[in-house]
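To start, the structure under review is shown below, and the notes come after it.
The shown structure was predicted, so the numbers you read here are calculated from the model rather than taken from an experiment. In listed order, ligands and their atoms are each counted from 1.
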Amino acid sequence: MIIKDSLVINSRTRFQIIDITSYINEKIDKSSVSLGLINIFTKHTTSAIIINENEEGLGYDIQNLLYDLIPESNEYSHDLIDHNAHSHLKSLFLSPQETVPIVDGRMDLGTWQSVFFIELDGPRSKRKIDLTIMGE
Ligand code: ZN
């Protein structure tokens with residue numbers, strides 16, 4: 001069985017790391033798939049999906065690393081039309097998607113793993129994340 005679903009996220013700040021693990025597990029629960037895979041895919045070019053540890057200090061470290069690598073303004077060409085070049089460039093170092101095994105109707109994550117939506121150009125409303133649940 002293959003099921004399509006989605007999550008819609010509103011972000012509050014320019015850069016924000018949002019733990020979406022429990023929302024995804026609720027969607028898997030609703031799908032009745034107990035063994036399979038889920039693909040989590042953001043539909044936006046200035047956002048990302050990652051798996052990492054939910055620890056506040058690490059969140060600041062990730063933000064600082066990305067801003068050190070890619071400053072907010074640097075005479076970017078894309079800023080001439082959209083003023084968010086740094087957000088697109090930060091997404092280059094991340095990924096728009098993750099695929100996670102499903103076991104016993106939940107994501108089979110490691111003890112310290114959570115799934116996050118990373119907002120790189122907030123605040124935004126209605127950020128859409130597609131979920132494709134495959135299994136039985
Ligand atoms: Zn842009």
Item checked: Within residues 47-76 or reaching into it, pairs that qualify as salt bridge (charged side-chain N to carboxylate O under 4.0 Å, His left out) - sequence neighbours excluded ->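 Residue pairs passing salt bridge (charged side-chain N to carboxylate O under 4.0 Å, His left out), neighbours aside: Arg14-Glu72.
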Check: salt bridge (charged side-chain N to carboxylate O under 4.0 Å, His left out): which pairs involve residues 17-29, sequence neighbours left out?
Finding: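 Those involving residues 17-29 are Asp5-Lys27.
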Next item on the list: Please check if atom OH in Tyr60 has more than 12 non-hydrogen atoms from other residues, nucleotides or ligands closer than 6.0 Å.
Entry: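 Counting other residues, nucleotides and ligands, OH of Tyr60 stays at 12 neighbours or fewer.
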Margin query: At less than 2.8 Å, how many protein N/O/S atoms surround the Zn ion (ligand 1)? Leave waters out.
Written below: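 Of the protein's nitrogen, oxygen and sulfur atoms, 4 lie under 2.8 Å from the Zn ion (ligand 1).
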Let me have the donor-acceptor pairs involving side chains of residues 99-112, under 3.5 Å, with sequence neighbours excluded, atom names and distances please.
from: Thr99; atom 1: OG1; to: Asn39; atom 2: ND2; distance (Å): 2.9

Next item on the list: Calculate, to the nearest 0.5 Å, the distance between atoms CZ and CG belonging to Phe116 and Leu94 respectively.
Entry: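 Atom-to-atom, Phe116:CZ and Leu94:CG are 13.0 Å apart.
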Next item on the list: Specify whether His86 and Tyr67 have parallel, tilted or perpendicular ring planes, treating 30° as the upper limit for parallel and 60° as the lower limit for perpendicular.
Entry: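 Plane angle between 30° and 60°, so tilted.
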